[in-house]
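The figures here come from the full heavy-atom set of this structure, side chains too, leaving out hydrogens, waters and symmetry mates.
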Amino acid sequence: MPLPKPSFLPGLALILAGFAGADDDLNWVDRESMEALPPVLQRPIPVWCSGIYYNPRVGVPAERSDTVITADRTSLTQDGLIEMGGDVLIEEPGRRLTTQSALLDQSSGKFQVDNDLRLETDQFTFLANGMSGQTDRREVSLDGVRYSLFGPGARGTADYIDLVDNFVTIEQGSYTTCPPASNGWQLKGRQIRLDRQEGWGEARDVTLRVKGVPVLWLPWITFPIDDRRKTGLLFPTIATSDNGGLDVTQPIYINLHPQMDATVSPRYIDGRGSGLETEFRYLNRFGLGQVSYGVLFSDRQFNDENREVASWRHSGSVNRWQLTADVNYVSDDFYFKDLDTGLEVSSQTHLPRLGEARYYGRRWQALARIQSWQTIDPTLPDNLEPYRRLPQLQLSGDPQLFGPLHGLWLSDVTAFDRADNDTSNNPTGARVHMAPGLAVRLKKPWGYVEPRARAYHTRYQLDDADNSADPTLTTWGASLDSGLFLQRDTSLFGRGYTQTLEPRVFLNKVAYEYQDDLPNFDAGELTFSYNTLFRENRFIGYDRIGDEEKMSVGVTSRFLRNDDGREQLRLRVGQGYYTGERKVQLRGREPDDADQTPMVADARWNFGHDWYLYSEGQWDTHANERQRSSLRLGYTDRERRVLNLGFHDLAEEDIQQSEIAAIWPIHRNWRLIGRWLYDLENQRTLETLAGAEWRNCCWKIRLVSQRELVDDDGNGTLEGDSTVLMQIQMTGLGGFGGRVDSLLERSIPGYRSEYE
């Protein structure tokens with residue numbers, strides 16, 4: 001019979017709202033059952049899981065709704081005690097309680113259930129032998145409980161559970177995110193406390209059981225129950241390699257502030273010694289950054305010396321200013337060859353030390369930069385080490401003067417220096433470079449014409465030189481860039497496309513001036529490609545202004561899908577033609593008298609939803625021979641699948657390499673991991689990566705073996721070095737082996753750990 005709504009029910013409903021739970025009778029929904037639900041009630045199930053905890057029957061909680069109570073019999077005493085018996089049901093949207101009998105004291109707000117009950121909401125399910133509580137204090141206690149929590153997908157048992165506001169205290173209980181009937185892993189503890197408001201759990205006197213076997217006892221442990229951060233002990237990283245032996249790192253996470261956190265990781269390497277890795281992250285109004293420091297004390301395989309690595313990275317913006325810092329340090333040239341690190345420090349031959357601020361206005365841009373490098377290649381001579389910029393100041397812009405007439409401005413002032421230990425005779429000093437000009441921009445929807453004229457002036461003030469000896473350069477250049485945009489509707493394979501035809505002609509002349517007496521602080525040459533055909537200066541940097549008289553001709557055709565505007569196919573081909581020779585060259589090279597560039601063509605085909613095929617080729621039309629070719633097939637669904645197949649052939653440099661890299665599922669729970677980089681010219685394997693991953697709702701386990709050629713002694717001799725890494729993650733609890741993610745991000749293009 002229906003009863004009127006007593007005042008205690010809203011309070012009781014609020015007490016119980018928001019927790020989660022599961023088992024076959026704890027609202028575990030497998031795939032078959034989910035597919036049988038109406039589409040509006042269905043929820044996605046991760047492919048590696050057999051189901052999720054979900055209860056569509058209770059509906060969505062409502063702030064204001066009627067509570068319906070039914071029971072076979074009820075009685076009300078004079079002192080306000082309500083007795084309910086026989087199929088008791090207390091229900092409102094989002095909440096539901098079923099039992100056989102219940103008592104409520106209206107005067108005190110106390111309630112009591114002395115028999116089996118089922119308590120469920122849209123967030124949890126509890127099956128208990130009894131329940132008691134106090135509505136005014138928002139407290140509930142349950143005895144002999146099996147529970148499931150929908151949010152973290154967790155389940156467990158408890159002798160006793162106490163619910164107070166956002167806290168769940170489990171006495172003599174268990175906790176796991178494994179599906180029903182699975183005993184993959186389980187926490188069993190004297191006390192487990194879950195804080196929904198803070199998003200974390202802690203357990204005392206706890207045993208971690210794997211397949212029912214105790215494997216680890218801890219007096220205290222914390223773990224997340226959602227995606228929020230919490231100070232606590234993380235699982236260790238364990239690796240072994242030919243070079244370093246057993247390597248164990250134990251990270252400790254410290255949540256300092258909502259916008260600051262840190263990780264402190266003691267480390268031990270068998271045969272070398274112990275050390276420490278630290279990482280500090282921050283977010284403020286200037287942007288986000290990360291400071292890392294690692295040290296290995298008294299390395300027994302490195303003359304008992306301390307070995308250190310450090311970095312600071314920052315990226316952010318303030319109004320129109322973009323701020324960037326990338327500062328790195330390592331104690332010796334062989335650190336990255338000997339010691340893998342979990343810190344995000346690049347293992348290149350030159351470690352950057354950069355700080356810059358860029359201003360982006362509507363017509364003007366400004367740059368302030370300081371930059372130096374730490375060279376960690378012992379085979380590189382001093383005279384080839386890069387210069388330091390201390391500082392570099394730049395201003396550029398294209399203000400509109402009148403109608404289509406625009407001004408062009410570039411000014412750059414840079415002070416160049418060498419490392420303190422430099423023994424080369426390379427000059428140092430300051431350089432001022434200016435490139436003012438004018439441009440007329442004539443644009444229509446069907447095409448454009450843009451003539452340009454520039455003056456180039458560079459002045460040096462070199463250290464240890466007379467003012468009269470300071471060199472200067474003044475020259476000029478002019479260009480004409482023009483193109484058409486033609487399009488038509490077409491149809492391929494039953495789909496409508498817009499095909500474009502975009503011919504482009506670029507004329508460029510830069511007057512010759514003798515430049516062999518100028519220092520070369522930062523000039524270089526770009527790898528030849530389609531885009532370099534349309535550059536005004538064939539050099540990068542401002543120490544060389546490349547003389548030339550050239551006409552570049554190119555054509556691009558695109559196929560754009562009419563339904564969504566996506567570029568399905570892009571084809572490009574182009575070639576440059578010279579008049580006269582190019583006398584200005586780098587490093588004493590002879591003048592280039594070729595009358596044309598190689599013909600270059602590339603194509604990118606975006607097929608399917610996540611596939612692409614890219615190909616580039618360069619052909620010497622004079623000698624009728626191939627100079628360069630590359631082919632790459634790529635796929636990523638940004639979730640579980642990554643595939644890259646590549647081939648690179650540089651005929652002029654006798655380089656032929658093939659690459660296969662993939663993470664690919666072969667089963668709902670299994671993925672294979674692999675990479676093979678092969679030197680076809682020398683018929684040798686440069687790097688292999690092989691492994692497997694098994695995953696379900698409960699576990700993610702990866703085992704990866706890497707073998708690569710490294711120069712351990714710095715003498716140019718490459719030798720093989722093998723490393724075996726294991727990663728184990730217990731869903732909802734954490735895991736160890738985080739270096740596997742960083743290895744995959746470095747080795748397999750397109751893979752991102754956040755996709756996991």
Donor-acceptor check, side chain of R452 to backbone of A478, threshold 3.5 angstrom: yes or no?
no

Do D595 and H622 come within less than 4.5 Å of each other through their side chains, counting heavy atoms only? yes

Do NZ/NE/NH1/NH2 and the carboxylate oxygens of E279 and R281 come within less than 4.0 Å? no

Separation between OG (S658) and CG (D679), nearest 0.5 Å, reads 9.0 Å

Rounding to 0.5 Å, atoms CZ (R604) and OG (S615) come to a distance of 12.5 Å

So the salt bridge (Lys or Arg N to Asp or Glu O under 4.0 Å) pairs with at least one residue in residues 366-375 (sequence neighbours excluded) are E356-R369

Classify the ring geometry of Y542 against H433: parallel below 30°, tilted from 30° to 60°, perpendicular beyond 60°. parallel

query: Would you call Y578 and E549 a side-chain contact if the rule is heavy atoms closer than 4.5 Å?
result: no

Notebook entry, point to check: Quick one: do E659 and R632 make a salt bridge, cutoff under 4.0 Å?
Noted result: yes

task = State whether the side chain of D333 and the backbone N or O of D377 hold a donor-acceptor pair below 3.5 Å, judged by distance alone.
result = no

Here the gap from D481 atom CG to E536 atom CD, rounded to the nearest 0.5 Å, amounts to 9.0 Å

Ring-plane angle category for H314 and Y282, please: parallel below 30°, perpendicular beyond 60°, tilted otherwise. parallel

Which of L473, T472, T474 passes side chain to side chain contact (heavy atoms under 4.5 Å, CB included) with E513? Answer is L473

Would a distance-only check, ignoring hydrogens and angles, find a side-chain to backbone donor-acceptor pair under 3.5 Å from Q400 to G403?
yes

Residues passing the side-chain hydrogen bond (donor to acceptor under 3.5 Å, both in side chains) test with T414, sequence neighbours excluded, are D412

In this structure, CZ of R626 is separated from CE of M599 (nearest 0.5 Å) by 16.0 Å

Charged N to carboxylate O below 4.0 Å: is that the case for D326 and R313? yes

| said: In the structure I gave you, are the side-chain heavy atoms of V295 and F297 within less than 4.5 Å of one another anywhere? | reply: yes

Value for CG (D522) from CZ (R544), rounded to nearest 0.5 Å, stands at 10.0 Å

Could you go step by step and tell me if S747 and E687 meet the side-chain contact (heavy atoms from CB on, under 4.5 Å) rule?
CA-CA 10 Å; S747 302; E687 181 183 0; 3.8 Å; yes

- What's the verdict on side-chain contact (heavy atoms from CB on, under 4.5 Å) for R307 and F334, showing C-alpha distance, side-chain angles and the deciding distance? CA-CA 10 Å; R307 309 183 73 180; F334 300 96; 3.9 Å; yes

Side-chain donor or acceptor of K550 paired with backbone N/O of L533 under 3.5 Å | yes

Checklist line | F528 backbone acceptor or donor facing Q618 side chain under 3.5 Å | finding: yes

Check ion pair R431-D543 (N to O, under 4.0 angstrom) | yes

Pairwise side-chain contact, R570 with D602, heavy-atom cut-off 4.5 Å (strictly under):
yes

The ring-ring contact (aromatic ring centres under 6.0 Å, His included) partners of H406 (sequence neighbours excluded) come to none

The reported gap from OH in Y678 to CZ in R684 (rounded to nearest 0.5 angstrom) is 10.5 Å

Judged by atom type as modelled, is there a donor-acceptor pair below 3.5 Å linking the side chain of Q374 to the main-chain atoms of V330? yes

Check your understanding: Does the side chain of F521 reach to within under 4.5 Å of the side chain of R389, using non-hydrogen atoms?
Key -> no

key: Flag, side chain of R362 to backbone of Y360, donor-acceptor distance under 3.5 Å   = no

Worksheet item: Should F336 and L351 count as side-chain neighbours, where that means a heavy-atom distance under 4.5 Å?
Response: yes

Note: Q575 and T597 closest approach over all heavy atoms is NE2-O, 2.9 Å

Any E590 side-chain heavy atom under 4.5 Å of Q585 side chain:
no

- Message: For a 4.5 angstrom cut-off between non-hydrogen side-chain atoms, does I376 reach Y335?
- Response: no

Test: D247 and R267 ion pair at under 4.0 Å:
yes

Quiz item: Are a donor atom and an acceptor atom from the side chains of W409 and S411 found within less than 3.5 Å of each other?
Solution: yes

Quiz item: According to the interplanar angle, ranging from 0 to 90°, do the rings of W321 and Y359 count as parallel (below 30°), tilted (30 to 60°) or perpendicular (above 60°)?
Solution: tilted

Exercise. Quick check: does any side chain N or O of T278 sit under 3.5 Å from a backbone N or O of Y293, one acting as donor and the other as acceptor?
Worked result: yes

Salt-bridged, R418 to D463, with N to O below 4.0 Å?
no

Between R538 and the options I545, V584, N508, D592, the side chain to side chain contact (heavy atoms under 4.5 Å, CB included) test singles out V584

